[in-house]
*Asks:* 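Take a look at this one; I'll ask things after.
In what follows, chains carry the letters A, B, and so on, assigned in the order in which the sequence lines appear, proteins first and then strands, with residues in each chain numbered from 1.
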Amino acid sequence: MKSDSFFEQVYQLIATIPPGKVATYGQIAVLLGRPQAAKMVGWALHQLPEHRSRPWHRVINRKGAISYDSKNSGQSLQKYLLEAEGVKFDAHDRVDLKKYQHIFQNT
DNA sequence: CGTATGACGAGCC
DNA sequence: AGGCTCGCCATAC
């Protein structure tokens, strides 16, 4: 797009995550070449315009848990969306990254 | 242009 | 094993 900013790259990268899969902020940050800019990824979704519908719900933190605790709202929604795609949450509301973490292949 | 932010990560206790 | 603190880096104002 006109914007090849870090944010835009995040949007396009998460857009490649297939349903039923998830990715961590840090993972995406690493893929974009900024392993320590995980916060930027989260912030990118924070600034994500709703009219540009993106599978932001497939992006979770390193613990496999849903974040979005800043406003403390929307967590249930994200969990709901993921469950709808077949992602199971454990008693700690965390997903099994070993099973659901999407492996980005740049081949 | 400079300061503060922020949906995180890793380390330390 | 679980919780708290510090640090990173690009974007926003």
Side-chain angles (χ1 to χ4, degrees):
Chain A
M1 301 296 278
K2 56 186 180 303
S3 306
D4 62 321
S5 62
F6 192 86
F7 281 27
E8 194 61 31
Q9 292 182 62
V10 172
Y11 302 148
Q12 295 186 27
L13 187 57
I14 65 177
T16 67
I17 305 174
K21 289 287 186 176
V22 298
T24 67
Y25 299 100
Q27 179 183 11
I28 294 172
V30 171
L31 289 172
L32 293 182
R34 299 296 181 283
Q36 300 185 309
K39 301 181 74 171
M40 295 10 297
V41 180
W43 206 6
L45 301 181
H46 172 72
Q47 299 295 325
L48 178 63
E50 294 182 40
H51 39 271
R52 300 189 64 191
S53 303
R54 296 285 180 292
W56 57 270
H57 55 274
R58 294 181 192 145
V59 187
I60 58 183
N61 59 29
R62 197 25 179 108
K63 297 168 296 190
I66 297 173
S67 304
Y68 210 5
D69 49 28
S70 290
K71 302 187 187 66
N72 197 39
S73 60
Q75 283 192 326
S76 299
L77 173 61
Q78 183 167 11
K79 179 181 177 184
Y80 172 79
L81 290 171
L82 289 174
E83 290 185 316
E85 295 183 344
V87 178
K88 307 293 176 54
F89 286 79
D90 63 12
H92 292 276
D93 282 319
R94 305 201 303 196
V95 303
D96 188 343
L97 289 176
K98 299 192 316 300
K99 292 170 52 181
Y100 300 110
Q101 183 168 31
H102 177 54
I103 307 302
F104 291 92
Q105 299 180 15
N106 187 37
T107 352

*Asks:* Taking side-chain contact (heavy atoms from CB on, under 4.5 Å) as the definition, give me every residue that meets it alongside A/Arg62, ordered by chain and number, with sequence neighbours left out.
*Replies:* none
*Asks:* Could you pull out all residues at least two apart from A/Phe89 that satisfy ring pair (Phe, Tyr, Trp, His ring centres under 6.0 Å)?
*Replies:* none
*Asks:* Could I get the full list of salt bridge (charged side-chain N to carboxylate O under 4.0 Å, His left out) partners for A/Lys98, not counting sequence neighbours?
*Replies:* A/Asp96
*Asks:* Name all residues meeting the side-chain contact (heavy atoms from CB on, under 4.5 Å) criterion together with A/Gln36; count only those two or more places apart in sequence or in a different chain, and write none if there are none.
*Replies:* none
*Asks:* What nitrogen or oxygen pairs link the protein and nucleotides 9-13 of chain B at under 3.5 Å?
*Replies:*
from	atom 1	to	atom 2	distance (Å)
B/dG9	OP1	A/Gly26	N	3.2
B/dG9	OP1	A/Arg62	N	3.2
B/dG9	OP2	A/Arg62	N	2.8

*Asks:* Identify each atom pair where a protein N or O and an N or O of nucleotides 11-13 of chain C are less than 3.5 Å apart, giving names and distance.
*Replies:*
from	atom 1	to	atom 2	distance (Å)
C/dT11	OP1	A/Phe6	N	3.3

*Asks:* My understanding is that only residues two or more places apart in sequence, or in another chain, count here; which of them pass side-chain contact (heavy atoms from CB on, under 4.5 Å) with A/Gln101?
*Replies:* A/Thr24, A/Gln27, A/Leu97
*Asks:* Can you tell me if A/Arg34 touches the phosphate of C/dA10, counting only side-chain N or O atoms and a distance under 4.0 Å to OP1 or OP2?
*Replies:* yes
*Asks:* Using every non-hydrogen atom in the two residues, find where A/Val59 and A/Gln78 come nearest and quote the distance to one decimal.
*Replies:* O-NE2, 3.0 Å
*Asks:* Using side-chain contact (heavy atoms from CB on, under 4.5 Å) as the criterion, list what pairs up with A/Lys39, not counting sequence neighbours.
*Replies:* none
*Asks:* I'd like to check the ring pair (Phe, Tyr, Trp, His ring centres under 6.0 Å) partners of A/His57; sequence neighbours left out, ordered by chain and number.
*Replies:* none
